[in-house]
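Contents: one structure, followed by commentary.
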Amino acid sequence: MRRLSYALLAILVIVMMLTACAPATPQVVEKVVKETVVVKETVPVKETVVVKEVVTPTPVPPPIKKGGPVFIGTGGMTGKHFNPIWMTSNPQFLAFPLILPALTWFDNNVQPIPHLATSIDVNEDATEYIFHLPENAKWSDGTPLTADDVVFTYHLAIHPVVGQAVWANNFSSVKGATEYQKGEADKIEGIQAVDAHTVRFELKQPNAAFLFNTYLGILPKHILGEVPPEELEKHPYVDAPTVTSGPYDFVEFVPEQYIHLKKKADYWGTPATLDEVYIKLFESTATTLAQLEAGEIDVALIPPEELERFEGLPYIEVAKVKGIGYYVTHFDFRNAEQIAQLNKPKDQGGKGYSITKTPKPYLQDKRFRQALAYAVDANAVIQVVAGGEATPIYSSIFGPEWAVNPNLNKYDRDINKAKELMTAAGVTFDEKGTALWEGKPITLVYLSNTSEEARKLGEVLQQQLSEVGIRLDIKLVTSSAFLSAAINGEGDLIRNAGGRFGADPSVSSLYYTCKAGWAELVIGFCNPRFDELMSQGVATSDIKERQKIYWEASAILNEELPSLFFYTPNVFFGINKGLKGLKPSADPGYLTWNIIEWYFE
């Protein structure tokens, strides 16, 4: 075993991996009729009337900010709770590293770096990872933070009652994790507290990408340790983490409005410079941009079509970063058996949902999904939705460069090909060209949140699919309702964006393996060969071997099409020129990765 320095660790990972007002009360008005007076003669007025000239002042642009709290604009929160275990959306990713640090986090290139851990040891075959914790680390109530907190948090995250699919997948390579998650073991064999400040993870197979998975914020065992797992979601800490270990204290979370954090007065580590942080949540991109322009927030994402507007503002700096996220619409082709399994109680191996959706058999035929890919003009999507500032993708494996399979089907738009495939899948057409299934018109539902770009994508798809006789209805819901709407089957084409797919091909396993959250809960995609390949891909550090593995895996996604793959976008941030020290991330969710270096000039 060897001790890796921070720099050597970064090199290892890169080489090995590269996962309003109410209506007024009606008033009774008495009708009064007055005699009309007709003026027949105008009488001159000798008095001189002076009219004052009203001058409208020229709007003064917001100044370059010099101090005060920093206001970060972002989208709505989709997580079920304001807690790392239920971390699914940007507001949470922006906030938790500031209050509940994880063992590792991600830098501006979305590569894993030590966060709470001071150093990490990795053995030669990547089957053992040892994390060293700072000896002076403590919780905001003065209780020491120890290895027991780490072991407790990882057990809680995949507990049979509490566990979330993303963590079960992230930790599946840890010895005993799968058995524990299934309720077959009382503890996870491969996670051990060596001493108060050292935690060892033993893996059942090599996993060179394991550090991409250890971004789970550590929770205080002395606060939650005695809470029965089945009662956890009722505990106030789950939505108000008042005991924290990061450079900031939690002040308040107001759903659909903001998250307020305040600098710790006696932080045990390197203190931050900014005294307060507000993460403001917006459902509307237009509202976000209006507040950025008005100086009410200091940093936010800028859509490509708004670049000219903000590049012309003297107090805003626009930063461009090559993105690593993807922009897709997932298909929901779950069958009756899969839905029934999800509806089973948790103690019977299900998820306890109450999904009432009736499956659409044609969506389960990959030829129909391929037909939709041929019916959609991806280049038009890029121009309309991304303003041309994006690169087409043909699977979720599109980076780094060595992992990109050049032989994938690009599905260039071909209406005739689309109709041929639809016919082969059992679709018929009436004399008006309407697509029919068993004699009834085919109607699909596009589901997304309420952002402007989401609306644009829906409208483009609606128009283009009409050319192959398919009616597409658009359903937009709030961010907080989005995930439950997707799981409940309220959409057939479900928009999704973000992720860190371009950082390493192994990230696709978090979305498309059989037990991954999106694949199991929404899409219904399960391909055993794909799962096998994703396991093989993280078990070797040989780039040529990994390339062969991931090229085959991407070919499966490209053919099976669990999603319509559109593009990976460039990322643009608008930043008040007074705010310094930012190193914008390729993934907007990690914007605050170096917030202790931020300051107002």
Side-chain angles (χ1 to χ4, degrees), residues 57-77 89-99 107-108 246-248 251-254 257-263 270-323 387 389 451-453 569-601:
T58 302
V60 178
I64 294 175
K65 195 167 179 178
K66 299 297 183 181
V70 64
F71 292 87
I72 303 170
T74 187
M77 195 183 94
S89 57
N90 280 0
Q92 296 160 298
F93 279 89
L94 293 170
F96 288 136
L98 283 61
I99 57 175
D107 65 13
N108 56 318
Y248 286 87
V251 178
E252 186 179 24
F253 164 48
V254 181
Q257 293 189 42
Y258 62 82
I259 299 163
H260 180 198
L261 311 176
K262 190 172 183 178
K263 177 182 174 181
T270 303
T273 300
L274 300 175
D275 290 331
E276 291 183 275
V277 177
Y278 283 86
I279 299 170
K280 300 188 69 175
L281 316 181
F282 299 100
E283 290 293 335
S284 165
T285 302
T287 304
T288 308
L289 299 179
Q291 291 210 5
L292 179 63
E293 187 172 26
E296 295 177 26
I297 57 177
D298 305 308
V299 56
L301 277 174
I302 299 176
E305 67 271 17
E306 297 287 354
L307 285 177
E308 185 176 352
R309 167 185 172 187
F310 284 91
E311 287 173 341
L313 298 178
Y315 49 89
I316 294 293
E317 176 184 354
V318 175
K320 176 179 178 178
V321 183
K322 184 177 180 180
E389 289 283 354
S451 69
E452 181 65 14
E453 66 178 28
N570 292 325
V571 181
F572 301 91
F573 295 92
I575 307 167
N576 187 290
K577 286 186 177 179
L579 182 59
K580 303 296 182 179
L582 281 78
K583 295 180 182 177
S585 171
D587 185 331
Y590 305 121
L591 175 66
T592 58
W593 75 277
N594 73 327
I595 199 166
I596 63 171
E597 299 174 12
W598 295 16
Y599 64 96
F600 283 112
E601 192 172 50

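Side-chain atoms of Glu293 do not come within 3.5 Å of backbone N or O of Ala290 as any donor-acceptor pair. A donor-acceptor pair under 3.5 Å is formed between the side chain of Ser284 and the backbone N or O of Thr287. Judged by distance alone, the side chain of Asn108 and the main-chain N or O of Lys583 form no donor-acceptor pair under 3.5 Å. Checking side-chain atoms of Asp298 against main-chain N and O of Phe71 turns up a donor-acceptor pair under 3.5 Å. Judged by distance alone, with hydrogens and angles left aside, the side-chain atoms of Asn594 form a donor-acceptor pair with the main-chain N or O of Gly581 at under 3.5 Å.
Counting heavy atoms from C-beta on, the side chains of Phe573 and Pro588 come closer than 4.5 Å. The side-chain heavy atoms of Arg309 and Leu289, taken from C-beta on, include a pair separated by under 4.5 Å. No side-chain heavy atom of Asn570 sits less than 4.5 Å from a side-chain heavy atom of Val321. Using a 4.5 Å cut-off on side-chain heavy atoms (C-beta onward), Val299 and Asn576 make no contact.
One finds the CD atom of Glu252 at 8.0 Å from the NE2 atom of His260 (value rounded to the nearest 0.5 Å). Put simply, OH on Tyr315 and CD1 on Ile575 are 14.5 Å apart, with the number rounded to the nearest 0.5 Å. Taking NZ of Lys577 as the reference point, atom CZ of Phe600 lies at 15.5 Å (rounded to 0.5 Å). Taken to the nearest 0.5 Å, the CD1 atom of Ile72 stands 8.0 Å off from the CG atom of Leu582. Residue Thr273 holds its OG1 atom at 10.0 Å from CD1 of Ile595, rounded to the nearest 0.5 Å. Of the inter-residue distances, the one linking Leu301 atom CG with Phe282 atom CZ reads 12.5 Å to the nearest 0.5 angstrom.
When all heavy atoms of Gly589 and Asn90 are compared, the closest pair comes out as CA-OD1, 3.4 Å. The two residues Pro97 and Thr592 make their nearest non-hydrogen contact at CG-OG1, 4.1 Å. The shortest non-hydrogen separation linking Gly574 to Leu292 is O-CD1, 3.8 Å. In plain terms, the two heavy atoms of Trp598 and Leu591 that are nearest each other are CZ2-O, 3.4 Å. Considering all non-hydrogen atoms of both residues, Pro91 and Gly75 come closest at CG-O, 3.3 Å. Across all their heavy atoms, Pro62 and Gly295 have their closest contact at CG-N, 3.7 Å.
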Exercise. What do the steps show when you test Tyr258 against Val251 for side chain to side chain contact (heavy atoms under 4.5 Å, CB included), and what is the final call?
Worked result: CA-CA 11 Å; Tyr258 62 82; Val251 178; over 6 Å; no

